[in-house]
Amino acid sequence: MADIGIGIVGGGYMGKAHAVAMAAVASVFDTPLRPRLEMIATASEASAERYRQAYGFRRATADWRSLVADPRVDAIVIATPQKLHREIAEAAFVRGLPVLCEKPMGASIEDAEAMVAASEGHVNMVGYNYVRTPATQFARALLARGEIGDVTWFRAEHTEDFYADPEAPASWRTDGMANGCIGDLAPHIVNAALALVGPIERVMAEVETVHDTRPGGRVTNDDHCQMMCRFASGAMGHIYASRVATGRKMGYAYEISGTKGAIRFDQEDQNALWLYRMAGPAATRGFTKILTGPDHPDYRQFCQGPGHGTGYQDQIIIEAKDFLKAIHSGEPVWPTFRDGLEVLRVTEAALRSADSGHWQSISSDQKVGSP
Ligand code: NAI
C-alpha cells in the first residue's frame, strides 16, 4: 500500500476529526493509500506545535502557504473557518493537489463558484459527513429503490443549542452571514435534502437573530432559520436549522413521506433508521426501528456486531476512505465542489427570500451524484 502525505489546515474541532480519521482510515478500511500525517498549519506557531504533538504530525507551521507548497504534502484537508477556504483551495489546485474542504465551501456563492472553477481537473470533495452514516446511506438506497414510493413531503431540521445560552461568548461564528446559522449549520441539512429527495427548485425563507449581543461583541448573523421548499420532483418540503434550539444537541433529523411508506431519522440516535411500509394488515403496520449493522453501508469494517453502532468520528473516517478512493482512482467522489455549490445556491436563494419576503427560485444545474 502506497503512502500519501496529508496536510491539514486548521487544528480545531474539525482539524482534530480529520487528523484522527486520517490516522485510522487505513486500519479500518482496505484503502489503496495509507495516509501519513505530514504537516499541520494553524493560526499560530504555538497552537500548530501543540496540535502536531497531540495528533502525531511530523511537522507544524503557522503559514498555510508553506504547507501547500511542501513537496512531502500530497493532499490537503481544509478545516479552517470558511473565509479561508477559497484561498487555500485555489493555492492547492495550482499545485495540482487533491483537496477535501470542510463545508460550507467558502464564505459566499462567489467563493464557491471560484472554487468549482479552480477544481476542474483536480480531485475535490466537500466535508458533508452526516450523509455518510450507515443509516443515512441506507435511507438513500431505500429511496433510490423506490421502497417508499414517490416522495410527497420532506421535513428536516439541524438543531443544536451551542448558542442557546446568551452568555456564551461571541466568536467567528457570530460574525458575518457566512458563519451564522444559515451559513454554517443549515448547509448540512440542505445537503441532506438534495441527497435524499433531489434538486430544490424554489424556497421561501426567514432568518432571525435571537440574541443580538454576547460577551465579547455584537452578533451580526442569524441564530435560526426556516425555509419552505419545493423540490424539482414536485415534493413539498420544510427545513429548520438552529444553534439556539434549547435541549437539542445533534438534531440532524428528517422525515420523508412517500406514496408507499415513510422514513424517519434523528442523528441523536444515529444507529437507527425508522421505516414504515404501507403493507400488510393495518393492525400491524407501524414504523419499524432498524438498527444498523454489517449489512448496511460502511458498517462492517468498524464492527461485525449489528446494533453495536458507529459514531461521529466514524463518519469522518468513512469520508477519509472516500477521499483516498477519489485520489487513487482520479475519479471524483460525491459530494464534489460542484455539489457543494448547489447547497450554497439554495442557502443564497433562502437569504434572498428572507430579504424580499417572497419565494425565490434557484438557478442552477443541480445534479446530485450517487454516494
Ligand atoms: P475551530 O475554530 O475549532 O478551528 C479553526 C482552526 O482554523 C483553528 O485551528 C485555527 O487555528 C485555524 N485557523 C484560523 N485561521 C487560520 C489561518 N490563517 N491559517 C491557518 N489556520 C487557521 O473551527 P471548526 O469548528 O473546526 O470549523 C472549521 C470548519 O469546519 C468551518 O468551515 C466549519 O463550518 C466546519 N465544520 C464542520 C463540521 C462538520 O461536522 N462537518 C463541524 C464543525 C465545523
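Note that ligands are numbered from 1 as they come in the structure, with each ligand's atoms numbered from 1 the same way.
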#### Entry: Aromatic plane relationship, Y254 with Y252 - under 30° parallel, 30 to 60° tilted, over 60° perpendicular
perpendicular
### Message
Parallel, tilted or perpendicular, judged at 30° and 60°: which one describes the rings of H122 and F93?
### Response
parallel
### Task
Ignoring hydrogens and angles, state whether a donor on the side chain of D175 or T220 is under 3.5 Å from an acceptor on the partner side chain.
yes
### Query
Going hydrophobic residue to hydrophobic residue with side-chain gaps under 4.5 angstrom, can you get from F337 over to V190?
yes
Ligand 1 N/O to protein N/O, distances under 3.5 Å:
unit_1, atom_1, unit_2, atom_2, d
ligand 1, 2 (O), W172, NE1, 3.0
ligand 1, 3 (O), Y13, N, 3.0
ligand 1, 9 (O), G11, N, 2.8
ligand 1, 9 (O), G12, N, 3.2
ligand 1, 11 (O), A43, N, 3.0
ligand 1, 21 (N), A43, N, 3.4
ligand 1, 25 (O), R173, NH1, 3.4
ligand 1, 25 (O), R173, NH2, 2.9
ligand 1, 26 (O), Y13, N, 3.3
ligand 1, 26 (O), M14, N, 2.9
ligand 1, 32 (O), T80, O, 3.1
ligand 1, 32 (O), Q82, OE1, 2.7
ligand 1, 32 (O), H85, NE2, 3.1
ligand 1, 32 (O), K103, O, 3.1
ligand 1, 34 (O), Q82, OE1, 3.2
ligand 1, 34 (O), K103, O, 3.3
ligand 1, 34 (O), K103, NZ, 2.9
ligand 1, 34 (O), D184, OD1, 2.6
ligand 1, 40 (O), N129, OD1, 3.3
ligand 1, 40 (O), Y312, OH, 2.8
ligand 1, 41 (N), E102, OE1, 3.0
ligand 1, 41 (N), G127, O, 3.4
ligand 1, 41 (N), N129, OD1, 2.7

Side-chain polar contacts of residues 5-21 - donor-acceptor pairs under 3.5 angstrom, sequence neighbours left out - could you list them?
unit_1, atom_1, unit_2, atom_2, d
H18, NE2, E102, OE2, 2.7

### Message
A side-chain contact here means heavy atoms from C-beta on lying under 4.5 Å apart; do F265 and E255 qualify?
### Response
no
